[in-house]
Amino acid sequence: MQAYDLCLPWYWIYDHDFVRFMEEACAVHQVTLLQITPANLLQAVNDLYAGGIGFRTLLDRAADDLRFEPIRRFALEHGSHRLNAPEYSHWSEDKATMHLELIEAGVQTPYTTILAPFVAHPLLPALDLAPFGARFVVKPAVGGGGEGVKMNASTLEDVQRARLEFPDQKYLVQEQVDARVLRGRDAWFRIFYTGGSCIPCWWHPVTHVYAILTPDEEIEFSLGPLHTITSTIARVCKLDWFSTEIAVTSDGRFVAVDYVNDGIDTRIQSRAADGVPDQVMRLMTDRLASLVISEARV
């Protein structure tokens with residue numbers, strides 16, 4: 001049997017550059033890579049279950065595609081290490097759950113009220129909007145990419161209308177965090193966590209455009225807590241690879257504003273204005289390849 005170090009199922013066209021970077025990182029670290037796409041899925045499944053091939057680690061970029069479920073089942077049944085194991089991924093994607101867990105872990109979060117799903121409790125409980133300020137955010141507990149998020153809400157009617165978009169989900173009503181300005185930039189950051197390493201980037205919450213945060217800037221603006229807070233979030237969510245958003249407020253508080261995003265958008269900046277900087281993607285793929293090697297030695 002040929003045993004690969006890493007199995008990478010994928011199908012999204014915009015993962016192409018990420019896969020290319022992974023190929024290069026695996027070559028540098030001498031990691032053997034098995035790619036499974038829709039084109040070779042049937043052959044790969046046949047080879048896996050016939051005992052012709054196997055793999056030690058699974059990095060699943062097709063987690064939302066049922067066609068690849070036999071690959072995930074094979075990994076579980078054969079004891080392969082699963083990066084971002086589904087049980088942790090599903091648990092941590094619930095923002096309501098993460099909100100409570102992170103508070104307990106000492107992470108500062110926006111002032112928040114958690115509401116039951118509309119289908120379970122269609123009438124709003126007594127909800128005092130005063131602590132949220134003139135404008136606040138209403139967001140579903142599960143989801144990403146801003147889907148279902150209502151910014152600049154101001155009334156109970158806004159809350160109710162937001163709840164109707166995903167009526168079977170819990171909703172969070174949160175204060176709208178305003179970041180301080182650091183030399184002309186909003187102090188809003190997206191930090192990528194990859195197997196113990198944190199890579200912080202400037203990130204604009206409206207345009208979603210990234211810029212690399214340099215070590216000199218981290219020192220100048222005293223941004224070391226970005227690393228410690230992200231590491232705390234990693235300890236709570238138990239994921240190997242994710243991103244989080246942290247803003248620094250005018251009074252100097254570091255507030256986690258979007259907790260855990262493990263379905264990382266791997267488009268790169270050289271191809272999309274709001275893509276991840278190419279250098280950051282290369283650093284992450286290098287770290288992922290290193291993580292595969294370290295797991296193989298356990």
With a 3.5 Å distance limit and no angle check, can you tell me whether [X] reaches the backbone of [Y] through a side-chain donor-acceptor pair?
{"X": "Asn261", "Y": "Thr244", "answer": "no"}
{"X": "Asn84", "Y": "Ser89", "answer": "no"}
{"X": "Arg163", "Y": "Ala116", "answer": "yes"}
{"X": "Asp65", "Y": "Ala62", "answer": "no"}
{"X": "Asp278", "Y": "Ile268", "answer": "no"}
{"X": "Gln160", "Y": "Pro122", "answer": "yes"}
{"X": "Tyr193", "Y": "Ser231", "answer": "no"}
{"X": "Thr194", "Y": "Ser197", "answer": "no"}
{"X": "His121", "Y": "Leu123", "answer": "no"}
{"X": "His99", "Y": "Lys95", "answer": "no"}

On the six-membered ring of [Y], is [X] placed so that its NZ or CZ lies under 6.0 angstrom from the centre and within 45° of the ring axis?
{"X": "Arg190", "Y": "Trp203", "result": "yes"}
{"X": "Arg56", "Y": "Tyr4", "result": "no"}
{"X": "Arg282", "Y": "Phe21", "result": "yes"}

Would you say [X] has more than 12 foreign heavy atoms packed within less than 6.0 Å of its [atom1]?
{"X": "Gln30", "atom1": "CD", "answer": "no"}
{"X": "Gln279", "atom1": "CD", "answer": "no"}
{"X": "Glu69", "atom1": "CD", "answer": "yes"}
{"X": "Tyr49", "atom1": "OH", "answer": "yes"}
{"X": "Tyr88", "atom1": "OH", "answer": "no"}
{"X": "Glu87", "atom1": "CD", "answer": "yes"}

**Asked** Are Leu288 and Leu33 connected in a single hydrophobic cluster, I mean Ile/Leu/Val/Met/Phe/Trp/Tyr linked by side-chain heavy atoms less than 4.5 Å apart?
**Response** yes

Flag side-chain contact, heavy atom, 4.5 Å: [X] against [Y]:
{"X": "Met22", "Y": "Leu6", "result": "yes"}
{"X": "Val159", "Y": "Phe136", "result": "yes"}
{"X": "Trp202", "Y": "Tyr210", "result": "no"}
{"X": "Val236", "Y": "Tyr259", "result": "no"}
{"X": "Thr230", "Y": "Ile246", "result": "yes"}
{"X": "Val137", "Y": "Glu175", "result": "no"}
{"X": "Thr266", "Y": "Val276", "result": "no"}
{"X": "Arg180", "Y": "Thr249", "result": "no"}

**Prompt:** If you take all heavy atoms of Pro167 and Leu164, which pair is closest and at what distance?
**Reply:** CD-O, 3.3 Å

**Asked** Where do Tyr171 and Ala162 come nearest, in terms of heavy atoms and distance?
**Response** OH-O, 2.8 Å

**Item:** CA sep, side-chain torsions, deciding dist, call: Trp188, Phe254, ring pair (Phe, Tyr, Trp, His ring centres under 6.0 Å)
**Value:** CA-CA 10 Å; Trp188 200 290; Phe254 286 72; over 10 Å; no

Between [Y] and [X], does any NZ, NE, NH1 or NH2 come within less than 4.0 Å of an OD or OE carboxylate oxygen?
{"X": "Asp17", "Y": "Arg20", "value": "yes"}
{"X": "Asp60", "Y": "Arg72", "value": "yes"}
{"X": "Asp94", "Y": "Lys170", "value": "yes"}

Roughly how far, to the nearest 0.5 Å, is [atom2] of [Y] from [atom1] of [X]?
{"X": "Gln176", "Y": "Phe132", "atom1": "CD", "atom2": "CZ", "answer": "12.0 Å"}
{"X": "Cys7", "Y": "Leu83", "atom1": "SG", "atom2": "CG", "answer": "11.0 Å"}
{"X": "Asp265", "Y": "Asp274", "atom1": "CG", "atom2": "CG", "answer": "7.0 Å"}
{"X": "Leu239", "Y": "Glu93", "atom1": "CG", "atom2": "CD", "answer": "10.0 Å"}
{"X": "Gln269", "Y": "Ile212", "atom1": "CD", "atom2": "CD1", "answer": "7.5 Å"}
{"X": "Thr57", "Y": "Arg82", "atom1": "OG1", "atom2": "CZ", "answer": "11.5 Å"}

**Prompt:** Under the salt bridge (Lys or Arg N to Asp or Glu O under 4.0 Å) criterion, do Glu165 and Lys139 qualify, and how do the steps go?
**Reply:** CA-CA 10 Å; Glu165 189 161 353; Lys139 63 176 68 171; over 6 Å; no

**Message:** Is it the case that the ring center of Phe68 lies less than 6.0 angstrom away from the ring center of Trp12?
**Reply:** no

**Prompt:** What about Phe55 and Phe74, are their ring centers closer than 6.0 Å?
**Reply:** yes

**Asked** Given Leu100 and Leu102, is the side-chain contact (heavy atoms from CB on, under 4.5 Å) satisfied, shown in steps?
**Response** CA-CA 6 Å; Leu100 300 175; Leu102 293 179; over 6 Å; no

**Prompt:** When Ile, Leu, Val, Met, Phe, Trp and Tyr are grouped by side-chain heavy atoms lying under 4.5 Å apart, directly or through other members, which residues fall in the same group as Leu76?
**Reply:** none

**Message:** Apply side-chain contact (heavy atoms from CB on, under 4.5 Å) to residues Met98 and Trp91 and explain how you reach the verdict.
**Reply:** CA-CA 8 Å; Met98 282 296 98; Trp91 178 71; 3.4 Å; yes

**Message:** Set out, in order, the CA-CA distance, both residues' side-chain angles and the distance that settles side-chain contact (heavy atoms from CB on, under 4.5 Å) for Val19 and Gln35, then state yes or no.
**Reply:** CA-CA 9 Å; Val19 172; Gln35 296 184 45; 3.3 Å; yes

**Request:** Verify side chain to side chain donor-acceptor pair (under 3.5 Å) between Asp5 and Thr32, making sure each step is shown before the conclusion.
**Result:** CA-CA 5 Å; Asp5 295 317; Thr32 54; 3.1 Å; yes

**Request:** Evaluate the criterion side-chain contact (heavy atoms from CB on, under 4.5 Å) for residue pair Phe118 and Gln169; output intermediate values, then yes/no.
**Result:** CA-CA 7 Å; Phe118 178 83; Gln169 283 200 38; over 6 Å; no

